[in-house]
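To start, the structure itself, in C-alpha cells.
The structure presented is a predicted model; accordingly, all values stated were derived computationally and were not measured.
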Amino acid sequence: MSTYLSELNDVQRQAVEALEGPVMVIAGAGSGKTRVLTYRIAHLMNNGVDSFNILALTFTNKAAREMKERIAKVVGHSEAKNLWMGTFHSIFARILRVEAPLLGYPSNFTIYDQQDALSVMRKVITDLQLDKDIYKPKQMLNRISQFKNNLITVRAYFNNPELIEADEAAMKPKTGEVYRAYVERCYKSGAMDFDDLLLRTNEVLTRFPEVLAKYQDRFRYIMVDEYQDTNHSQYLIVKALASRFENLCVVGDDAQSIYAFRGANIRNILGFQKDYPDAKSFALEQNYRSTQNIVNAANDIIAKNKDQLKKDVWTSNDEGKTIPVYRALTDIDEARFIASRIFEIKMRDQLNNNDFAVLYRTNAQSRAIEEALRKKNIPYRIFGGISFYQRKEVKDLISYLRLLINTNDEEALLRVINYPKRGIGLTTIQKLTVFADEQKMTLYEVLENLSLYGPRTGLNGGTLNKLHNFITMLQSFQVKLKTHDVFEVALEVAKQTGLLKELRDDDTPEGISRLENIQELLNSLQGFVEEQQQLDEGNPSLANFLEDVALATDMDNEDEDADKVALMTVHLAKGLEFPIVFIPGLEENLFPSMMNLNTRLELEEERRLFYVALTRAEKQAILSYSVSRQRWGKIIDAEPSRFLEEMDDKYLDWENPTPMLPVNNSGLSGDLFGDKPVPRFKKKSQPIKKKLTNTTQTLRPLKQAQVNPGDADHQTIEEGYTVVHDRFGKGKVLSLEGEPDNVKAKILFDNSGEKKLLLKFAKLRVLSKN
DNA sequence: GAAGAGCTATTTTTT
DNA sequence: ATAGCTCTTC
C-alpha cells in the first residue's frame, strides 16, 4: 500500500509499524532515525490516528520544523497542521500559557533567557550582600538549574540535609537563600526561566490530576527524539503523560549523549526497558551516511566507552578515503590549512561551500578559522555564539515589547528605563526599588501610580517628571497595541523611545550593523504579522512572537540554502550531516576539554562528543591538531588528543605539516607526536603573521543582508517564477496583484499550500524563472 | 548622572 | 585578547 514503507529497511519498517505500546528505537549515527520518526508519525495518521492526538518532542526547533515538512510531504500539509511537534520547552511553554495561572503565574508570563536569568542572579547576590567571588552568579545559576531539573523546589531543598551539607562543604551555605530569592524574584516578575518551563509543567501535572488527565487523553501517541539527552524533569513529564495509554516511542542513541552538563541523564535511555518491561526495542545499525573508514574509525572511538548499549554500526557504503590528520604548528597554521583544503577540495570535486562544515569544541576556536576563510574569500556562516535575539540592540527593543505584555517583567523594565539615556540613573532606581519593596509592589506598579507615591519615594520633582514621561510613553504604546499590529507598535517604540535615533547617530561600522539588526528585527516582526494573518492563526499576538524569540536559537534563523561553509561547535552539529567535515583542535585539554578530564564519566562524554563530530561526515572527515595554540592571550604548547590514538592507524592518514606559504611549498618533516619546533618554518612564517593582522576585520557578516521595505530586488519577481520563502519553503508564483509599492504575490508552496504574500516583506528568493 | 579609565574574568558545551 | 564591568572623576 503506502509507498513510504518500501523506502525502509527491515528494522526501520518494524519500528515504524510498531504503533502501539512502548517502543524504544536505538538509532546508530546516520541510520535513518529521522526517517523512521517521520514515517512512523505519517503511518500513525494513515492508520486513522488523529494528528490532534500525537505529540512529538524534538531536541531543536529546527528538527521539529524539518520533520513536520517531511511528514507533510507524506500525509499532506493540512493533515500535518494539527500535529504538536516541537521542543520540550516550546511545547510546554504553550501548555503553560493555559495552565500556569493554576500556579499563580500570569498566562502572559515572560520567558527569561540565560542572559535575563544571569542578570536576576547578579541582583539576588548583591541584594543578599554575598561575595560574588564566592557565590559566582553563573555557578549559582547552574546549581539552581540542577535543582530544578531534578524537581527539587526551594522547600525540598531546605528539607534535604544532604544538599545543604554539600553546599556548606562547598563554602556556599547561603545557597538555599539564593535559590529562594531567585525564584521569588522571577515569580514576582511573572517570569519563568528555561528550567521553569519544565519544572512548572511537572508541578501542574502533579498537583492537578484533572489537568494531567486532559493532556493524557489528548496525547495518545507520544514520540521523543534524542531521548538520550533528556533530563530528569523531561523524563517525568513524558512518563506522566504517557502513563495512561503507554503509546510511547523514544528514539535516540546512547553513544550520542552529549548534554550531561545541562542535566541530560543517559540513564533515561539505558533504563527504558526497566521502566516499560514489555517495550519493543529496535536497533538501527546500518549507517547510510558515511564511508566505511569513517564508520569504522568512529566505532573504534566509541568502543572505548564502558557505559553503553550494545550496538554494531556498519555500512555498505564505499570504503572511502582514509581520514587525513594534519599536524599544524599554530592555530593560525591550522586555520590556514582548513581554508586551503576547502578550496582545493571544492575545486577538485566541484563541491559547494555548504558541503563543508568545521566542527570545533569551543566557540573561541572559530576566530582563527574565520580569518583564514575570509582571507581566501570563502563565504562562511557561524552558528551559535550570540544569537540574533541576544544582541544588545535587539534585546533592548524586545525588552520594550516584553514590558508591554507583562509590565511586571522587571528585567525588561530595568533594561530600558534609562535606555536610551533619559536621566534616570542608579540612585533613582535604587530609591524606587526600596520603596516598591516596602510597599510589596512591583516597580511598575509604583511607576504607574507615581502621582500618588512619588512624594514618598524621596525623589525630587525633576526626576519624578522624567519617570512620569517614561511611564506615559509606555502607556501610550499599550494603547496603540490595542488598535495596531505589533509591527506598527514596535516601529513606534523604536522611534518614540529614541532608540532609532541613538543608533542612527552612531556611524561606526558597529553602529551601522546595530541599526541593521533593528531593521532586521522589525522586518521579522512584519513577517510574523503577515504570516499569522495568512495562516489564520487567530490574532497575531505579540506574546507569541516573544515566546518564539525567547526559545529561538541561532540555528533557527538560518538561511538554509545559503552557499556557505558552516562553522559551529560539535554540540550544535548534532543531527546534522555534511559531505566534508573538518574537526580541528584535536588536542589534549581542548578536545577532550580540560574541564572534563576528572572522571571516567566526563571523559566518556567527551568521547561521545568526538564520536558525534566524526559521524557527521558523509564522504570525508579531516582532522587536525596543533602543537601550539593561542589561549587566554598566551601561546601554549599542546599535545595531540588521545582520541587520535584510539582509532586504528589504518583508517588514518597522518599528514606532515606543510607550511601554507604562497611561495615556499617545501614539505617539512616532523615527528607525528613530537613537538620540536621547526625553525625553518618559524622564520618564514613571520611575514604571514603580519599580513594576517592587517586584514583583521572586526565585523562578522551577520545573517543575510537586511531587507529594507521597498528594496529594489523584490520587484524582480514575476509570475511563474519558482521562489523560496524563509518559512514556507519552495513555491511557484501564481499571480501578482496590488499597487506597485504593495504588490502581493499569490504563491503555491510545495509544503504549505497557497499563500498571498506582500512582496516587500516576504523574503523571497528566486530559484528559477520558469 | 554621565563619561572615561582601568580592571578582570573569560574559553566547555546550550534549550 | 577582549569585552564587559566597576570605579573614578567631572
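Atom pair A:Gln139:CD and B:dT10:P shows a separation of 9 Å (rounding to whole Å applied). In this entry the distance linking CG of A:Leu609 with P of B:dT14 reads 10 Å, nearest Å. Rounded to whole Å, atom C1' of B:dA3 lies 13 Å from atom CG of A:Asn418. Atom-to-atom, CD of A:Gln365 to P of B:dT10 comes out at 19 Å; the value is rounded to the nearest Å. Put simply, CG on A:Asp116 is 15 Å from C1' on B:dT14, counting in whole angstrom units. Rounded to whole angstrom, the span from the NZ atom of A:Lys136 across to the P atom of B:dT10 amounts to 7 Å. If you take CG of A:Asn363 and C1' of B:dT11, they are 9 Å apart, rounded to a whole angstrom. Going from atom CZ of A:Phe388 over to atom P of B:dT14 covers 20 Å, rounded to whole Å.
Between A:Ser593 and the phosphate of B:dT11, there is no side-chain N or O to OP1/OP2 separation shorter than 4.0 Å. Between A:Ser90 and B:dT15 there is no side-chain polar atom (N or O) within less than 4.0 angstrom of OP1 or OP2.
Between the side chains of A:Lys431 and A:Thr427, no donor-acceptor pair of N or O atoms lies under 3.5 Å.
When A:Val238, A:Thr87, A:Asp225 are each tested for a side chain to side chain contact (heavy atoms under 4.5 Å, CB included) with A:Leu57, only one passes: A:Val238.
Aromatic ring orientation, A:Phe147 versus A:Tyr179: tilted (interplanar angle from 30° to 60°).
Of all non-hydrogen atoms in A:Asp307 and A:Asp254, the two that sit nearest each other are O-OD2, 4.5 Å.
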